[in-house]
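Reviewing the structure listed below.
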Amino acid sequence: MTPIPALTAAFVALLMATTALGATVSPPEAVLGHVMGENRYVPNYSDTIKYWQVLASQSDRIRLVDIGPTTEKRRQIMAIVSSPENLALLDQYKDISVRLGRAEGLSDDAARDLAAKGKSIVWVDGGIHASEVETDHALIQEVYDIVSSDDAEARKIRDNVIVLFAADNPDGQEYVADWYMRFKNPADRETNFDSLPKLYHPYIGHDNNRDFYMAEMAETQNITRVLYHDWRPQIILNQHQVGPAGTVVFIPPFRDPFNYNYHPLAITSLEEVGAALNSRLLSEGKVGAVTRSDAHYDTWTNGNLRTSTYFHNAIGLLVEIIGGVTPEPIQLVPERQLPKNDQPAPVAPQMWTMAQSVAYSVAINRATLTYAAANREKVLYNIYRMGKDSIDAGNRDSWTVTPDRIAAMHAASLAAGQKPVPTRTTGSSSIDSRFYDDVLHDPAYRDARAYIISPDQHDFPTAVRFLNALIKMGVTVERARTAFTQEGKAYPAGSYIVKAAQAYRPHLRDMFEPQDYAENFEYPGGPPIPPADASGYTLAYQMGVHYDRALEAVSVATETVDGLLKPYPGRVVGSGKAGFLISHATNNSFILTNRLMKARQQAFWLRAPTAVGDGKPESGAIWVPNTPQASAIVRSASAELGIDAYALDTTPKSPKTALKAPRIALVDVYGGVMPSGWTRWIFEQFEFPYTIVHPQALDRGRLNAKYDIVLMSDSLLPNRFTSKGGGMFRGRFENKQPDPSRIPAEYRDWLGTITTEKTIPALQDFVKNGGALIAIGSTSQGIIDAFGLPVQNGTTRVVDGQEQVLPRTQFYVPGALLTATTDTTTPLGYGLEPKVDLFFDSSPVFRLRPEATDAHTPIRFEGKDIVHSGWALGTDYLQGTAAVVDLSYGNGRVFLFGPEVALRAQTQGAFKLMFNALYDGALSRKK
């Protein structure tokens, strides 16, 4: 982190003249010309930093540091606020916080001594979702409050707390504010942000708050470096908009379910701080706060900025507050008027201003920091205690209690012929206590002491990406110096070992182990209660990583990985002059192929099973004829990407498919959809060239002249079974169409929707004339309907002559990982393993109709126990259904992907399905 350059001398002189007139430091309005909370005003990121720079020039209570670049190459700035004495010793206090957060090599007494010497570290942010502009106002005002105030509470906060203030999404804040403020007359400005032409994170919009275990985006990496490496704050205040209808604000604590991986002290601490927030609001006469069951937020899933903190032994606070750019009504929701534990003081329906919300936000910030100041030693010691307990658990036989182990105890009791005995507590019963040891502490179900990832696996470069995701989130990874044997299995030197004995054990377990989500219904036999996000998301499964659980301590000599990993350099084996044979197994093989295509070099897929090196015969092995340029590309990529290439003397005799560079049209709409944005990101990481096309460009037709592939991501097209987005806030079908005269000319070509009158006929002509259409997620069902394809939805039933989706009481999969069976001899299955985990969330599946004579189903759901991670109800209905369909349409192809194979850059074990379709679809099939 680097200091921020000082303001110009002239500007400082002007500011000093301004401040000499009154306050010790300038309030926001003196610098920005606007009061925070002012109607029809949105500060951009430049305004935020400008104001912070002013404060830093005027006060010794604030220091600015640069925590890294953003996606658009701005600098992400963090404002550190504390007493001048604390700021002078900042490195010392940071070191104490890090040592307690790591919890390594400390005794309890040493930890208490450090806690007595340390200062609470609190992270306060805003603006991760850039259209939630109240948080931008609040962040500026909160910094001003803590820097400028000299009341006893503020002094106690500065003396005992070091506050890290940061804007989470600088690019988005700049874009949204500049868009909103483009009209000079405030009366001309909009009352919402429906007219935004693109996503408010350059790639992924709202999903930037779903990136906190993969950490792909630049801003996520900056934030996690602060949270889980450089500072390790004990409390994280994550500010959002908007609260539940009929309320002012949602604050912690949260509803169940409780994720069993993290330390219970994280949740009891969260309860404490939540109570402090509620009491503070009420003491100031600020009513309308709700908690727990009065909103859908829970503490189950990983991956949000706030939720990731629990897996890192910190107290993560979520605030969701009302507050639009113009006054808006608090609706009358009758049930909200009855006081109860989760809403002790209802608010009357009324018009509400952003200024009122900013006052609430300042109070919540004060309450959080006052708690941290009053409990300084406790929060510092507790983060050590949680980390130390995690280390201890990883060093001994430990068991994590999950719902399936509870079910196993009941089953064992019944198998022993025992009946449950009712207890005094209504609705509960007891069983023989011997099952606690016999079942719950069965040695076969011990937690892993370590996870071992060997280089000898299907796609090791992707396993390295997985390890880097762990490293970015603060997990320690070690490398074996020598070959070793663990529990009867031999591993080569260079194998990676992730030991469970570390402070962030909850996070590493959550990334390696399946999520066993407890079934959750409104009442027995009733509708399911949805999780706040995914119910199952194990990253190792999503990325197709092979690992072994070590149940005993691993004793091989290791070295700790320092920084992010690169794949081990690949080898060019042999000296043959005919060309190079390369496995299709690695995702990185597509980077190599794309580089060859860009250089206009030849490459082929071998259709017959062919052994590559010492590997098993595989369909789709890549053959690259030798030329000087091809040789240079292969040799360079081999070393960089971890790909082995075999230089042969003769060309393989297998039938070959000549590849061509796919000309890809990636569909998006005005305003942007997140799945399309994620696909852009993936394409760029794997070096696929692409062009973004909007409905107007599609409607003009003649697409074959420019493109071989049209790819339509999830949430682009409604269908008769799904009228809204595909799930988990990923997209929208109701994209707004602003008045063209009120938007800049450069964006007017982006307007328009996908229509049955113009767009669908243009797409049909494109495919009939030899193009390929890829439709993913909910969009695939829309294409079936629009094209009249001979494909039936696999999870429907006929009621009164009408086809309907199965009710949620019978079939429900709220974001889980399901294992599908792959036909690896078909082009779409090339390079995959026989089984692949697919992310399934309200996803279509397919059955072919009898008239589908030229269609293939390379990925299917077959067999029992297909749920690998998460909650799935009624999976028997999936038996025999296809997850992917490849069928002819005229002279072209339509590829239907039901589950999302490109979700959030996480489903890398399934990326080859999409990548194969891009290349296979580009091939000519004219009859």
Using modelled atom types and a 3.5 Å cut-off, is there a donor and acceptor pairing between side-chain atoms of T907 and backbone atoms of L903? yes
Is the shortest heavy-atom distance from the side chain of H868 to the side chain of Q542 under 4.5 Å? no
Using the rule given for side-chain contact (heavy atoms from CB on, under 4.5 Å), can you reason through L878 versus F811, listing the C-alpha separation, both sets of side-chain angles and the distance that settles it, and then say yes or no? CA-CA 9 Å; L878 294 176; F811 178 75; 3.7 Å; yes
Inter-residue atom distance L305.CG - R210.CZ, 0.5 Å rounding: 11.0 Å
Shortest non-hydrogen pair, N208 vs I128, comes out as ND2-O, 2.6 Å
Beyond-backbone contact of D207 with R904, side-chain heavy atoms, under 4.5 angstrom: yes
If the threshold is 4.0 Å, N to carboxylate O, is there a salt bridge linking K198 and D668? no
Assess the pair F466 and F512: is the distance between their ring centroids shorter than 6.0 Å? yes
How long is the gap from CG on L896 to CE on M712, to the nearest 0.5 Å? 11.5 Å
Under 3.5 Å, is there a donor-acceptor pair between the side chain of T307 and the main chain of N304? yes
Non-hydrogen side-chain atoms of L711 and Y690 separated by less than 4.5 Å: no
Rounded to the nearest 0.5 Å, how far apart are CD of E335 and CG of D294? 10.5 Å
Would the number of heavy atoms belonging to other residues, nucleotides or ligands and lying under 6.0 Å from NZ of K835 be above 12? yes
Side chains of L832 and I859: closer than 4.5 Å at any heavy-atom pair? yes
With distance as the sole test, does D823 use its side chain to make a donor-acceptor pair with the main-chain N or O of P858 at under 3.5 Å? no
N/O donor-acceptor pair under 3.5 Å between Q515 side chain and Y537 backbone: yes
List the atom of A786, the atom of Q764, and the distance in Å for their closest heavy-atom pair. O-NE2, 3.6 Å
Might you work through the salt bridge (Lys or Arg N to Asp or Glu O under 4.0 Å) test for D854 and R893, ending with a clear yes or no? CA-CA 10 Å; D854 186 9; R893 308 294 294 179; 3.4 Å; yes
Look only at the side chain of H856 and the backbone of D886, and say whether a donor-acceptor pair between them is shorter than 3.5 Å. no
Taking side chain as C-beta onward, heavy atoms only, is I204 less than 4.5 Å from L199? no
Side chain to side chain donor-acceptor pair (under 3.5 Å) test vs T796 passes for just one of Q804, E803, Q802, namely E803
Is the ring pair Y297/F250 parallel, tilted or perpendicular, if the boundaries are 30 and 60 degrees? tilted
Only one of F895, F686, F590, F683 passes side-chain contact (heavy atoms from CB on, under 4.5 Å) with M914, and that residue is F683
With distance as the sole criterion, is a donor-acceptor pair present between the side chains of T759 and D699 under 3.5 Å? yes
Considering all heavy atoms, the nearest N259-W300 contact: ND2-O, 2.7 Å
Any donor-acceptor pair under 3.5 Å from Y260 side chain to D516 backbone: yes
Report yes if some heavy atom in the side chain of Q906 is under 4.5 Å from a heavy atom in the side chain of F839; otherwise report no. no
Could you work out, with salt bridge (charged side-chain N to carboxylate O under 4.0 Å, His left out) as the rule, every residue matching R509, not counting sequence neighbours? D447
Over all atoms of both residues, closest heavy-atom pair of G620 and Y830: CA-CD1, 3.4 Å
Quick one: are L703 and L763 in side-chain contact, heavy atoms under 4.5 Å? yes
Where is the tightest heavy-atom contact between F766 and V710, given as atom of each residue plus distance? CE2-CG2, 3.5 Å
Can you tell me if D714 and T779 form a side-chain donor-acceptor pair at under 3.5 Å? no
By salt bridge (charged side-chain N to carboxylate O under 4.0 Å, His left out), D800 pairs with (sequence neighbours left out) none
Could you pull out all residues at least two apart from D342 that satisfy salt bridge (charged side-chain N to carboxylate O under 4.0 Å, His left out)? R292
Taking the side chain as every heavy atom from C-beta outward, state whether L773 and Y889 have any pair of such atoms under 4.5 Å apart. no
So, the side chain of S778 versus the backbone of S715: is there a donor-acceptor pair under 3.5 Å, distance only? yes
Steps toward ring pair (Phe, Tyr, Trp, His ring centres under 6.0 Å) verdict (H129, H240): CA-CA 7 Å; H129 296 146; H240 287 255; 5.1 Å; yes
How are the rings of F915 and F688 set to each other: parallel, tilted or perpendicular (split at 30° and 60°)? tilted
Would a distance-only check, ignoring hydrogens and angles, find a side-chain to backbone donor-acceptor pair under 3.5 Å from E320 to V242? yes
Decide yes or no on side chain to side chain donor-acceptor pair (under 3.5 Å) for E216 and Y203, but give the supporting numbers first. CA-CA 11 Å; E216 291 280 49; Y203 284 102; over 6 Å; no
